[in-house]
Participant: 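Before I ask anything, let me first share the structure, which is written out below as structure tokens.
In listed order, ligands and their atoms are each counted from 1. All heavy atoms count here, side chains included; hydrogens, waters and symmetry mates do not.
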Amino acid sequence: MADYDLDLFVIGAGSAGTRAARIAAGHGARVAVAEERYLGGTCVNVGCVPKKLFVYASHFSEDFEDAAGFGWRVGESSFDWPRLVANKNREIARLNGVYRRLLEGAGAKVIEARARLEDAHTVAVGDERYTTERVLVATGAWPVVPEIPGKEHVITSNEAFFLEALPERIVVVGGGYIAVEFAGIFHGLGVEVTQLYRGPCFLRGFDDDAREFLAEEMIKKGVDLRFNSVVAAIGKEERQGREVLVVDLDDLETIEADLVMYATGRRPNTADLGLEAAGVALDESGAVVVDEAWRSSVPNIHAIGDVTDRINLTPVAIAEGHALADSLFGPAGRTVSYEDVPSTVFSQPNLGTVGLTEAAARARHGAVDVYKSAFPPLKHTLSGRDERTLMKLVVDRASQRVVGVHMVGPEAGEIIQGLAVALKAGATKAQFDATIGIHPTAAEEFVTMREAEPEPSQEAAE
Ligand SMILES: Cc1cc2nc3c(=O)[nH]c(=O)nc-3n(C[C@H](O)[C@H](O)[C@H](O)COP(=O)(O)OP(=O)(O)OC[C@H]3O[C@@H](n4cnc5c(N)ncnc54)[C@H](O)[C@@H]3O)c2cc1C
């Protein structure tokens with residue numbers, strides 16, 4: 001056996017790499033992990049965590065308004081953006097330290113620098129060379145802005161977390177969950193928001209009823225949501241002594257804004273990593289192609305997380321890191337199931353989902369029963385807010401198994417997480433019905449929906 005410095009060299013200390021490095025080190029492997037930017041990766045620094053903190057911050061504007069219907073008189077409120085950013089930064093610095101301690105505590109060597117493969121068993125970090133039996137590529141992904149005139153004027157979610165000041169008006173371009181979440185965040189913080197998406201409805205891949213329902217709710221709140229809207233160019237002009245951005249749409253309309261944020265996609269971080277030279281196959285998007293054991297085309301080089309561009313979510317990246325480390329250095333047997341992965345768009349209100357959309361269920365199972373309920377939440381009977389909640393169950397008619405659960409409403413993420421267990425366990429509609437509700441909650445609606453929707457007519461289904 002060749003004598004390597006290390007058993008495993010992990011490139012990238014994000015959700016995936018950190019978990020893999022610390023579990024492998026815990027199994028006694030000699031592990032080093034290189035991180036060029038920030039410990040904890042995207043999720044901790046410019047993703048899930050700061051995003052959710054911003055969602056909380058932005059929801060207070062509605063909470064203050066809603067309080068009046070419950071007898072509260074809230075004094076004049078004001079919002080201090082720099083304070084939110086500073087508090088968020090402080091919490092993230094704390095988390096960076098937690099990640100360092102997790103890695104070092106498990107015995108992994110942390111190298112804070114960019115790493116690059118020289119060959120399948122040699123990693124270069126600055127002037128240092130490490131030989132290693134195995135390499136794990138866990139380098140994540142990075143936002144991409146399309147090649148439009150004026151692209152130099154736009155920001156991405158990366159910069160949105162560190163703005164010095166809030167703009168008065170923002171245009172958010174994109175129809176994925178990051179665009180939708182930031183439209184909600186900025187709107188809640190008092191920014192005038194226009195969201196543009198080139199397709200007929202945002203959140204492609206989510207259940208159609210849920211997408212349309214959320215769009216209506218966001219429009220009611222005051223987000224200027226425009227579908228079938230394509231940006232042609234972005235210019236910078238001076239208006240009344242002030243610089244503004246002018247967004248030209250391909251239908252010749254223009255929108256003025258102080259900031260334009262693009263959230264139109266992310267590309268795997270595989271450029272200039274030495275992967276091609278080592279013989280690692282990439283797909284057309286630049287993602288590392290892996291087999292079911294997360295092995296690339298070079299058997300000692302593995303890849304997990306967003307760099308493989310499959311289900312790009314933190315819990316999936318973590319599960320992969322753990323299972324891979326176990327399979328290489330510990331008791332094997334831990335697997336990752338890519339079926340029925342729950343997820344939530346932290347829009348306002350949330351859109352939570354697990355299992356198949358109605359369309360996917362019809363395609364896979366043929367006949368399905370659909371149960372739907374849309375109602376104003378109890379809270380808003382007194383707050384007076386015009387916001388509704390949608391709940392939807394999709395049931396395979398033959399087996400009566402619940403194959404899809406979708407919700408648009410407050411705390412949908414918290415509710416769907418619990419129901420994901422039921423779905424994973426193969427619960428049937430009868431078992432949902434036999435479950436006693438918790439009253440009064442919105443979630444009880446999921447166990448009290450009795451009447452299936454009438455079958456869509458052939459014409460409507462087409
Ligand atoms: C705005 C936003 C919001 C999100 N919200 C959610 C959410 O609510 N829920 C959820 O589940 N997921 C969310 N995600 C997705 C989630 O952040 C990713 O799926 C997750 O971070 C992937 O983990 P990873 O380890 O594969 O990659 P990353 O976390 O991106 O980690 C990769 C690391 O590798 C480092 N790196 C890259 N190249 C090198 C190199 N050559 N040398 C050394 N280091 C290198 C990078 O600096 C980075 O730290 C969000 C993402 C974004 C952008």
Participant: Got a sec, which pairs hit ring-ring contact (aromatic ring centres under 6.0 Å, His included) with one end in residues 86-111, sequence neighbours left out?
Facilitator: none
Participant: Treating S61 as the side-chain partner and G188 as the backbone partner, does any N or O pair qualify as donor plus acceptor under 3.5 Å?
Facilitator: yes
Participant: For the residue pair F161 and F182, is the inter-centroid distance of their aromatic rings smaller than 6.0 Å?
Facilitator: yes
Participant: Looking at residues at least two apart in the chain, or sitting in another chain, which of them share a ring pair (Phe, Tyr, Trp, His ring centres under 6.0 Å) with Y130?
Facilitator: F9
Participant: Does ligand 1 have any N/O pairs with the protein under 3.5 Å, and how far apart?
Facilitator:
residue	atom	partner	partner atom	Å
ligand 1	5 (N)	K51	NZ	2.9
ligand 1	8 (O)	K51	NZ	2.8
ligand 1	11 (O)	T314	N	3.0
ligand 1	14 (N)	Y177	OH	3.0
ligand 1	19 (O)	D306	OD1	2.9
ligand 1	19 (O)	D306	OD2	3.2
ligand 1	19 (O)	N312	O	3.4
ligand 1	19 (O)	L313	N	3.4
ligand 1	21 (O)	C43	N	3.4
ligand 1	25 (O)	S15	N	3.1
ligand 1	25 (O)	A16	N	2.9
ligand 1	26 (O)	D306	N	2.8
ligand 1	29 (O)	T42	N	2.9
ligand 1	30 (O)	T42	OG1	2.5
ligand 1	38 (N)	E36	OE2	3.3
ligand 1	41 (N)	R114	NH1	3.1
ligand 1	41 (N)	A115	O	3.0
ligand 1	42 (N)	A115	N	3.0
ligand 1	44 (N)	E36	N	3.1
ligand 1	47 (O)	E35	OE2	2.7
ligand 1	49 (O)	E35	OE1	2.7
ligand 1	49 (O)	E35	OE2	3.0

Participant: List in chain and number order the residues that pass ring pair (Phe, Tyr, Trp, His ring centres under 6.0 Å) with W81, two or more places apart in sequence or in another chain; answer none if no residue qualifies.
Facilitator: F54
Participant: The test is side chain to side chain contact (heavy atoms under 4.5 Å, CB included); show your working for D258 and I170 and say whether it passes.
Facilitator: CA-CA 6 Å; D258 306 299; I170 189 167; over 6 Å; no
